[in-house]
Amino acid sequence: MPGLLEIHNLSKSFDATKVINDFSMEVVEGTLCCLVGPNGAGKTTTMDLVTGRIKPTSGKVIFAGEDITAKHEHVIARAGIGRKFQVPAVLRDLTVRQNLEVAYSRQTNPFWNLFKFRKAGLKEKLDEIATLGGLSGRLNERAGILSHGETQWLEISMVLMQEPRLLLMDEPIAGMTEGEIEKTARIFKDLRKTATLIVVEHDMGFVREIADVVTVMHMGSLLATGTISEIEADARVRDVYLGEKEAA
Amino acid sequence: APLKKGEPIKVGLLFSLTGALAVPEEDSTLVLQYAFDEINKNGGVGGVPVEPVIVDAKSDFGVYSEKTKELILREKVTALFGCYTSASRKAILPTVMQRNHLLYYPTCYEGAECTQNTICTGPLANQHSQDLIPFMVEKFGKKVFFVGSNYVWPKESNKNAKIWLEKAGGELVGEEYIPLGSSEFGPVLGKIRDAKPDFIFSTVVGASDIAFHKQFKQEGFKVDSMPIASLTTGEIETRAMGAEFGAGHFLSAPYFQTLDNPTNQKFVENFLKSKYGKNGTTHYNMEETYLTAYVFKAGFEKAAAAVGFENVTPRAIRDNSGGIRVEDNISPEGLVWIDENNFNTWLKPKIGQCQADGTFKIVKAAAEHVKPDPYSIYPDAGTCTATGLKGPDGKLRTNVI
Amino acid sequence: MDIGSLLNALILGVSIASIWLIAALGLTIIYGAAGVINMAHGEFIMLGAYSSYMLQYYFGLPYLLCIPASFVIVAAVGLVLERGLIQYLYNRPLDTLLATYGVSLVLMQGVRLIFGSDPKYLAAPALFSSNISLGFASVSTFRVVILLVTALCVLGIWLLFYKTRFGVQVRAVMQNKEMAASFGINSSRIYMMTFALGAGLAGVAGSLFGVLAIVLPTMGASYVVQAFLMVVTGGGSLAGTVVASGVTGQLQSVFAFFSNDTFARFLIFVLIVVFLRFRPQGLFAQAGARR
Amino acid sequence: MSTLLNFDNVTSYYGATRILKDFSFEMQKGECLCVLGRNGVGKTTLMRTIMGLTDKSTGAIRINGTELTGKAPYQRATYGLGYVPQGRGILSDFTVRENILLGTFARADKAPEIPELCLRIFPYLKENLDRRAGLLSGGQKQQLAIARALAVGPQILLLDEPTEGIQPNIVHEIGEILKMLNKELGISLILTEQHIKVARKLGDSFIMVDNGRVVARGPIEDMTDELVERHMTI
Amino acid sequence: MGNLYHNKTAQWLVYAAFFIGLALIPSFVDDAFLLNQLATYGVYGMLALSISLCWGFGGILNLGQGIAFGLGAYGMAMTMQMQSQSESNPIPPFMLNNSLDALPWFWEPFSNTAAGLFLAIAVPTLFCAIFGGIMFRARVSGPFFAIMTLAMLSAFYTIILDRQPYTGGVNGITPPSALQIAGVEIDPYSSTAYLTVLGILVVATVVAKLITQSSFGLVTQAIRDDAERVRFLGYSVAGYETMIYTVSGMIAAFAGCCLVMLVQYVSPAQMDVSFSLSMVIWAAIGGRLSLLGSMCGAFLIMGAQSYLGDTFLATWLLILGGFFIIVVRFLPNGLASLLESALGLLASKPKTSAEPNGDAKPVPAE
Ligand SMILES: Nc1ncnc2c1ncn2[C@@H]1O[C@H](COP(=O)(O)OP(=O)(O)OP(=O)(O)O)[C@@H](O)[C@H]1O
Ligand SMILES: Nc1ncnc2c1ncn2[C@@H]1O[C@H](COP(=O)(O)OP(=O)(O)OP(=O)(O)O)[C@@H](O)[C@H]1O
Ligand SMILES: [Mg+2]
Ligand SMILES: [Mg+2]
């Protein structure tokens, strides 16, 4: 069975520096794949490439059997890829509710949306997600005033509102308390039933908890891939990334 | 509204007191106030004083249009005096015509218009350069370069000038138009340098004109060997550019401050002394505006005599204004009269040369009055008569603008 | 149409460029560093011309001294304006556009009330109304003066912004006021100085334009749009403005040489649109921040 | 040991909203203070209040006895405050070098040089001094933010979740470095951390914040699991 | 609960009351000048509305609204001019004077009134769709788009000025008589003209208001906030931007037509940079985030210009300038925000202050 997302020999250079170097990976539908690697390894850049934010120098990205390499961001998003950014990106001047409403993007055509005043199924979905993200009490707040952790939750909720087939989560738990981390882990594990996830995280405890597969990047290339225990046992990964203490 | 004996006659003064057009138009307002004061002191018009309603058109064509309506419909003025640029005139004419009202338009313009609601006291394109071109050709040589601002009046003026040029045996070596308000004359002066004309014929207006004369000298052109013969560079312009930049150049106009006749001396002296003389000079545009007040007075009185004071309407004034004369003892430029057909003015253009102190020395004055002809270069269009434009096919068209 | 005249056109292009550049220079600093869209820039230029006129007419100051003096006067006006109004608007960039538009009306009408609406005369040394002939090329002395003053100003600003601690502070403040403040930079002082500097440069431009063209309360309006085009096309950086003015000035001169001034303008406007189509961030803009 | 920082009944506002309420605590020289609490309780606001970045604050904040209230942020910075904000606050158009140099503006001696320490700790930065900082990866930016704060030559480092987004082995290293700065160089630390483990390891004392108020404080040993349970789980 | 100002029903009621009030004016006022003047204000209101939609709502600052407005106005002027030409006299006089002896091809369709009116709206709308489409696709935004519209406007201005034989140059086009539709003349001073303009204004407002309340409106707001982010939610940002820019341009084109109907005159001044700037100013003063507020801004400023102007002759610009400064300094969202905060005070104890445009943000993401 081919993967939902396949990355083939992807490379990306900025000026002279090669940031992604012949990187390939494959994510099977319904799994949760953790993408880890040292700072600057190219994880975020890989996400940029998958979501069309930047175009690769060479290589291909295939999603659900379709080549999406040269597509625009919104086309890729419509195809079913949702993304949470590393630096939380929410619509700061809109209220939390509006943020979620916009994210509920069933109809994206500007012309048809002119005549749409109420979105079917929005209310239930919004209530559900807001409760999940702990935002119910703040729905009418302007998103710009949320604290860092709350912003993280809002962005995760937005991705959930999108109901994408593939979720890319760039450091979703940065700045969360331990309790919240557990909750996030639960949510992610639940999501696996209906969607596929790629999660970038440095918190190995979290990775250990959720990952089906772990892929390690280093200097733009694939360093290792396997289950969490295989990875933690890998000397190279310990060397460049985990350090002795973490692995111990 | 019918006029009442004993109540002042309201007239509208529609000029810009602010904005880019304020420079010439503020003077127009001032001189008209002066003129009406003078008229009122001497018994008014038809025995009653004139009350000017002054509005500020703010150099905005939208405001010109709006204020015209306000003056006509709300203030119920008997006549309008206004506008300096053709564009503003065109902006208000639909209203003036629609209400069958009367506009006194007091400055030089391109003609090619035949409405039944205007009276103009400035020179038409055909009057202006008639003497200037032959004079320059004779004095400096055959080759001439035309420079103008990029709009209707300079282009029309130049069409006329070309006719005179051909008659005088001159040769056109270049023709350039500068965007309105532009102050960059480098490229044009470069072309002039290449074309090596004997003199330049300029219809550049406003701030651009001042920049033109300044840069002319700064770029090393010499006034003795290549003077500028202009239709616009008068007393205010030379003062603003500094006499050193104006000195030696030529201007054709019906009026100069230095005109040597008793009426003018009195006019200049009294005006500058009055509270309206704050800008310190008189010039052709001002004097042409001054004349409108007297043309109005004469026209009104003639109309009053014809239909009775109470029944004087703008229409009646206009119908009675053909042939009105402003005599030597009133007109600072000397006798002028209104053409009976096209309601422009018969006048004598004069040529002045700017002196080191910024005043003009009259070097030539037309011997005869020159007939105004708004369609001089479009004979096919027909002739303008009091009732409309009579085409070659004999058909009469009214309100041709 | 020989080589000589084409060469002349090229030289003239440099001159036109320097005129546009000096007009845009103050704006670049104010927009680039403080993010303020200063619609009153044209009126600052006008104030520069009037300051020179006033100093010359009432105090008999020689023209060459009027140039720096205008810098000081207009900078002072800019300072007052910044303290009194602009400092409250820094986090509302588009509002500065409106507020400064109001300021421009006030300045224009204020000057008109004081000095009248008739044009004023600004005298320059006789030397400046001559030209320099270099074989077949010819250029006016005054244009050379403008070029030199412009070059001097650009150099000065470049040194100030890229070679001094002050420059680092300005650039830090312009990127993130809060962070700059957290590291000991008095951002409000920096804004104030920058604004004053920008205004002062407009003053210099004004005293030059007063001699080249005309001194009128409305004179500023004709420069401000052009200046804006230069600054934005340049992407808000000093180098960008220099190149944008340089290229457009040259194009204006060359187009005008081959056709006429009006058409040259039209072409330039169209070219700017086309250019921005392909470089939507202007010249020398850096790639946007990452997420 | 003497009192370095003192909060006396501080209330801090965004617009008209009170975020910190009647905040009081004291911090000794050389101490490492951990600020703990759930999301949105006001930890970041506390840091910003110290720097003077909130809209308004009442009450008294003192450093070495000097009153800070009423002073602008740029003046406060010169009291030896090195700030690592949440979200990092890197100037993206500056190079790495310029970003670090930015820190030196708040130095007491104003020396415009990059302290050797900053680069020693973060070799990546040393190798990439002339890169545009906006292009760095998230973790690299975090490192840069810490280096910049060190360039101030601070008495107190304000660290708002400093290890967020940093790879595990460097997290570990940063922990060591902070310890070193604290114990060897005598730099006091105020640290917000979500990881109780890290807090326990590094901290000398803690304050627990809930809904803008201090709900518990004391030496780190007093931080019971019960406290953590009550104020930090959801 | 909450602020009445944000209550949709209340908003619609206020709009309805406002327009009904305006519609009743002709039954009380019998002053040809006033009706004509008010109708002209209606045109300005339409322009402010279009700016409010595009800038206030869509976040696209358009300094070149004069393009759509001017093209519409020229279209109308050409139509009206051709109405006064006849078989025997097929060419407008200004063309004759410019030595044209045949009607230029692009004037031909305007001989037919219906076609002319259609083109007067269609051409500017199409222009906006194409220009906007190209530019937004290239991701030109913010001040860059503003400057682009400005440059485009200047280009149009220059070329119209220069192509005198076809456009009348600086003098513009002056149709000598009023517009006739199906043989009926619409006297610009009549209540018919007034009501026509008002009718168009009402339709434009309702359409604009509906747009802002639709899903489209929400997405547009999101784009104004952070276009980059919205792309990743699957929306084609360029599509939305082009759409709102085009609708706004279409409203401006209608305004252009109405103006010429009222004043029988068009000139490049309609495409002057300063006029397009004024439109922005009206919207800003009135409150660009509020459609009604923007319209009122236009009424207010143009009214002040007409009625304060001559009382204060020399100082009116000072007053106007000072007024802008004060409004911008103290009322960031224009006069409408005055009402908003007044109603906000009335509303039951606001929990958090609705600080507009919140000045203090938490640590900004770099
Ligand atoms: N636009 C760009 N121009 C130049 N270099 C870039 C650009 N974008 C990213 N880089 C470089 O590419 C490398 C990979 O960056 P990336 O953000 O993908 O790392 P990451 O794996 O997400 O790291 P982290 O865990 O710290 O977030 C970094 O060294 C970064 O500096
Ligand atoms: N500019 C602002 N205006 C109004 N309220 C604000 C503003 N900034 C933050 N807040 C509010 O203040 C509260 C505290 O925020 P703060 O950022 O200090 O939380 P925090 O404890 O740092 O949380 P986290 O762990 O998520 O970073 C939050 O409820 C937040 O919504
Ligand atoms: Mg990353
Ligand atoms: Mg925080």
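All values below were derived from every heavy atom in this structure, side-chain atoms included, with hydrogens, water molecules and symmetry-related copies excluded. Throughout, a chain's letter reflects where its sequence line sits, starting with A, and its residues are numbered from 1.
- Heavy-atom distances place the side chain of B:R193, and not its backbone, under 4.5 Å from chain C.
- The choice from C:S138, C:A123, C:A9, C:S133 that makes the most heavy-atom pairs within less than 4.5 Å of chain B is C:S138.
- By the 4.5 Å heavy-atom criterion applied to side chains, B:K214 and C:I214 are not counted as neighbours.
- You'll find the side chain of B:P187 stays beyond 4.5 Å of the side chain of C:F255, heavy atoms only.
- Open room surrounds OH on C:Y57; 12 or fewer heavy atoms of other groups in view lie less than 6.0 Å from it.
- In this structure, CD1 on B:I210 lies 6.5 Å from CG on C:L216, to the nearest 0.5 angstrom.
- Summarising the geometry, atom CZ belonging to B:R239 is positioned 7.0 Å from atom NZ belonging to C:K120; distances are rounded to the nearest 0.5 Å.
- Rounded to the nearest 0.5 Å, atoms CZ (C:F257) and CG (B:D194) are 6.0 Å apart.
- Contact tally against chain B (heavy-atom pairs below 4.5 Å) for C:V215, C:V211, C:V254, C:T141: the top residue is C:V211.
- Across B:K278, B:H213, B:Q218, B:E237, the residue that shares the most heavy-atom pairs under 4.5 angstrom with chain C is B:Q218.
- In this structure, chain C has a heavy atom under 4.5 Å from the side chain of B:E244, while its backbone stays farther away.
- Across C:I132, C:N260, C:D261, C:T218, the residue that shares the most heavy-atom pairs under 4.5 angstrom with chain B is C:D261.
- Two residues are said to be in side-chain contact when any heavy atoms from C-beta on lie closer than 4.5 Å; C:D118 and B:E26 fail this criterion.
- When side chains are defined from C-beta on, C:L212 counts as touching B:Q215, because their heavy atoms get closer than 4.5 Å.
- With a 4.5 angstrom heavy-atom cutoff, C:F263 does not touch chain B via any of its atoms.
- With a 4.5 Å cut-off on non-hydrogen atoms, C:F128 touches chain B through its backbone but not through its side chain.
- B:E184 places none of its side-chain heavy atoms less than 4.5 Å from the side chain of C:W20.
- The side-chain heavy atoms of B:S182 and C:T262, taken from C-beta on, include no pair separated by under 4.5 Å.
- When heavy atoms are compared at a cutoff of 4.5 Å, B:F221 does not approach chain C at all.
- Interface residue B:E219: backbone and side-chain heavy atoms are both found under 4.5 Å from chain C.
- In this structure, B:G186 and C:L12 approach most closely via the heavy-atom pair C-CD2, 3.1 Å.
- B:S183 places none of its side-chain heavy atoms less than 4.5 Å from the side chain of C:M219.
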